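Below you'll find the structure, written out as structure tokens, and then a few comments.
Here the structure is a predicted model, which is why all the values come from computation and not from measurement. Residue numbers count from 1 along this sequence.
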Amino acid sequence: MHDKTLAELTRSLETREFSSRELTQHLLGRIDRLDGKLNSFITVTYDQALAAADAADATRAAGKAGPLTGLPLALKDIFCTRDVKTTAGSRMLDNFVSPYDASVVEKLAAAGTVSLGKNNMDEFAMGSSNENSHYGPVKNPWDLAAVPGGSSGGSAAAVAAGLVPAAIGTDTGGSIRQPAAFCGITGLKPTYGRVSRYGMIAYASSLDQAGPMARSSEDCALLLNAMAGHDLRDSTCVQRGVPDYTEELGTALAGLKIGLPSEYFGDGLDPQVETAVRDAIKVFESLGASVREVSLPHTHYAIPAYYVIAPAEASSNLSRFDGVRFGYRCDNPADLIDLYKRSRAEGFGDEVKRRILIGTHTLSEGFFDAYYKKAQQVRRLIRQDFLDAFEEVDVLMGPASPTPAFDLGANKDPVSMYLQDIYTIAVNLAGIPGMSVPAGFVGSRPVGLQILGSHFTEARLLNVAHQFQQATDWHRQHPAFAEENA
């Protein structure tokens with residue numbers, strides 16, 4: 001059961017090969033047996049999962065099942081989930097049990113999915129390796145000595161290891177696409193505003209976006225159908241109709257124009273990663289697509305602009321965690337100021353503190369115009385680069401990361417860690433959709449091909465990725481860890 005895609009599981013449920021309860025019990029058993037080696041879950045919701053599976057089986061028996069009814073998944077532990085601990089990977093929220101559901105959680109529950117629990121993550125989504133979690137690092141099932149990527153590393157590792165067929169992550173600067181690449185799965189970051197952020201614990205409000213992580217593009221399309229849509233509770237959520245993202249999956253790629261940004265194939269790119277990506281692009285040419293080089297001239301400004309804007313927004317968003325209303329509170333504070341200082345100092349990890357300090361500095365008097373305002377102006381230039389490129393081509397392609405997954409503990413310097421997101425960050429600054437699909441290996445470690453489109457072209461991206469996956473089997477590969485523990 002655990003090596004099937006969501007689409008395949010739906011067919012198995014329809015033919016009564018097994019029930020949702022049997023599937024859920026099988027996956028919960030795998031989590032119990034295997035996750036001690038991966039650390040991909042923070043919380044496993046056994047009772048709620050079995051109850052939801054039974055309800056899904058009853059719905060199917062009544063002839064009212066939808067495309068996702070009875071399908072198990074997991075949620076990155078940044079989505080508020082009623083009556084379930086929601087930590088954002090932080091000591092600050094280790095004792096927080098959410099009184100309500102995030103919009104994404106509501107929508108997926110309404111579609112009949114079965115949540116198995118909450119995935120480990122970099123604290124408050126700040127990281128590229130999943131080593132910043134209060135609950136310890138997650139390991140990559142392809143190589144237990146390697147990171148799974150971040151911040152949605154727990155979600156990516158759980159899917160790759162066959163603990164769950166799909167998971168929901170968030171992407172602020174590459175946090176769906178980079179771990180999807182490192183773990184050899186498919187991950188989609190939708191257009192900013194396509195999916196509601198209500199109930200998603202905020203890191204950087206103008207950049208955060210929820211998206212699906214699964215084995216195939218078809219699976220991501222099924223999930224996005226349920227997740228996307230306007231939400232009055234989120235002022236940044238776009239009031240726009242939701243198409244059926246599965247309708248265009250079978251469209252042929254003849255005439256597709258692919259752009260290769262020259263800035264994505266320069267210094268710093270691992271030669272073996274480049275070879276895998278260029279080999280993948282040849283597959284698209286064999287399917288009838290044409291390829292040309294394009295330029296995104298302001299790409300090299302993306303990381304400095306991002307690390308001004310994102311920490312500034314984080315500084316503002318995380319100011320609510322003060323030890324008073326909810327979350328971690330220090331013991332025996334001497335007074336209110338001591339309560340504030342010690343609760344935040346003890347509750348936040350080093351990387352979160354670093355970004356709060358950077359953000360507070362850039363927003364302070366005398367520095368706002370010099371840093372934050374200037375970064376927003378650069379952001380507009382980066383967005384325009386993409387818009388200009390999409391006047392010439394239909395999609396852009398390149399590597400999702402400059403290297404395959406690196407070893408745990410290898411990137412101790414924060415700047416070197418930030419550079420891991422060099423090909424993904426600009427996408428969030430521009431607000432466009434992007435996805436990563438498996439496209440080969442360097443040794444035993446997967447390589448991800450990144451596919452980018454203009455605003456609200458998720459259907460095209462999913463179609464392009466699906467056609468690639470029909471012609472290749474990279475997304476069908478499973479780590480030895482999953483096979484040995486079948």
Tyr301 atom OH, over 12 foreign heavy atoms within 6.0 Å: no

Option from Arg197, Arg177, Arg194 for which salt bridge (Lys or Arg N to Asp or Glu O under 4.0 Å) with Asp171 holds: Arg177

Residue from Ser401, Ser128, Pro402 passing side chain to side chain contact (heavy atoms under 4.5 Å, CB included) with Asp421: Ser128

Electrostatic pair Glu106:Arg233 at N-O distance under 4.0 angstrom: yes

Ring center gap for Phe321 and Phe124 short of 6.0 angstrom: yes

Validation row: His230, Val238 side chains within 4.5 angstrom (heavy atoms): no

Side chains of residues 151-161: which donor-acceptor partners sit under 3.5 Å, not counting sequence neighbours?
residue: Ser151; atom: OG; partner: Lys76; partner atom: NZ; Å: 2.7
residue: Ser151; atom: OG; partner: Ser175; partner atom: OG; Å: 3.2
residue: Ser152; atom: OG; partner: Lys76; partner atom: NZ; Å: 2.9
residue: Ser152; atom: OG; partner: Thr170; partner atom: N; Å: 3.3
residue: Ser152; atom: OG; partner: Thr170; partner atom: O; Å: 3.1
residue: Ser152; atom: OG; partner: Ser175; partner atom: O; Å: 2.8
residue: Ser155; atom: OG; partner: Asn119; partner atom: OD1; Å: 3.2

Modelled atom types, side-chain donor and acceptor of Asp208 and Thr172, under 3.5 Å: yes

Salt bridge present between Lys374 and Asp369 (N-O < 4.0 angstrom): no

Close side-chain approach of Met1 and Leu27, heavy atoms under 4.5 Å: no

Any Ser90 side-chain heavy atom under 4.5 Å of Thr87 side chain: no

Lys341 atom NZ, over 12 foreign heavy atoms within 6.0 Å: no

Donor on one side chain, acceptor on other, Asp231 and Ser103, under 3.5 Å: yes

Whether over 12 other heavy atoms sit under 6.0 Å from Lys139 NZ: no

Intermediate values then yes/no, side chain to side chain donor-acceptor pair (under 3.5 Å), Thr299 and Asp385: CA-CA 9 Å; Thr299 294; Asp385 284 349; 5.5 Å; no

Salt-bridge criterion met for Arg215 and Asp219 (N-O under 4.0 Å): no

Asp35 side chain vs Phe41 backbone, donor-acceptor pair below 3.5 Å: yes

All pairs passing salt bridge (charged side-chain N to carboxylate O under 4.0 Å, His left out) where residues 302-327 contributes a residue, at least two apart: Asp322-Arg325

For Leu396 against Leu296, the heavy-atom pair lying closest together: CD1-CD1, 4.2 Å

side-chain hydrogen bond (donor to acceptor under 3.5 Å, both in side chains) partners for Tyr198, two or more places apart: none

For Asn39, side-chain hydrogen bond (donor to acceptor under 3.5 Å, both in side chains) partners two or more places apart: none

No-hydrogen, no-angle side-chain donor-acceptor test under 3.5 Å, Asp122 and Ser133: no

No-hydrogen, no-angle side-chain donor-acceptor test under 3.5 Å, Arg355 and Tyr203: yes

Working for side-chain contact (heavy atoms from CB on, under 4.5 Å), residues Leu223 and Leu108: CA-CA 8 Å; Leu223 290 167; Leu108 290 168; 4.2 Å; yes

For Tyr371, all residues meeting side-chain hydrogen bond (donor to acceptor under 3.5 Å, both in side chains), sequence neighbours excluded: none

Interatomic distance, Ile176 atom CD1 to Met435 atom CE [nearest 0.5 angstrom]: 10.5 Å

Val442 vs Val273, side-chain contact (heavy atoms from CB on, under 4.5 Å): CA-CA, chis, key distance, verdict: CA-CA 7 Å; Val442 173; Val273 171; 4.1 Å; yes

Set of residues satisfying ring-ring contact (aromatic ring centres under 6.0 Å, His included) with respect to Phe406, sequence neighbours excluded: Phe182

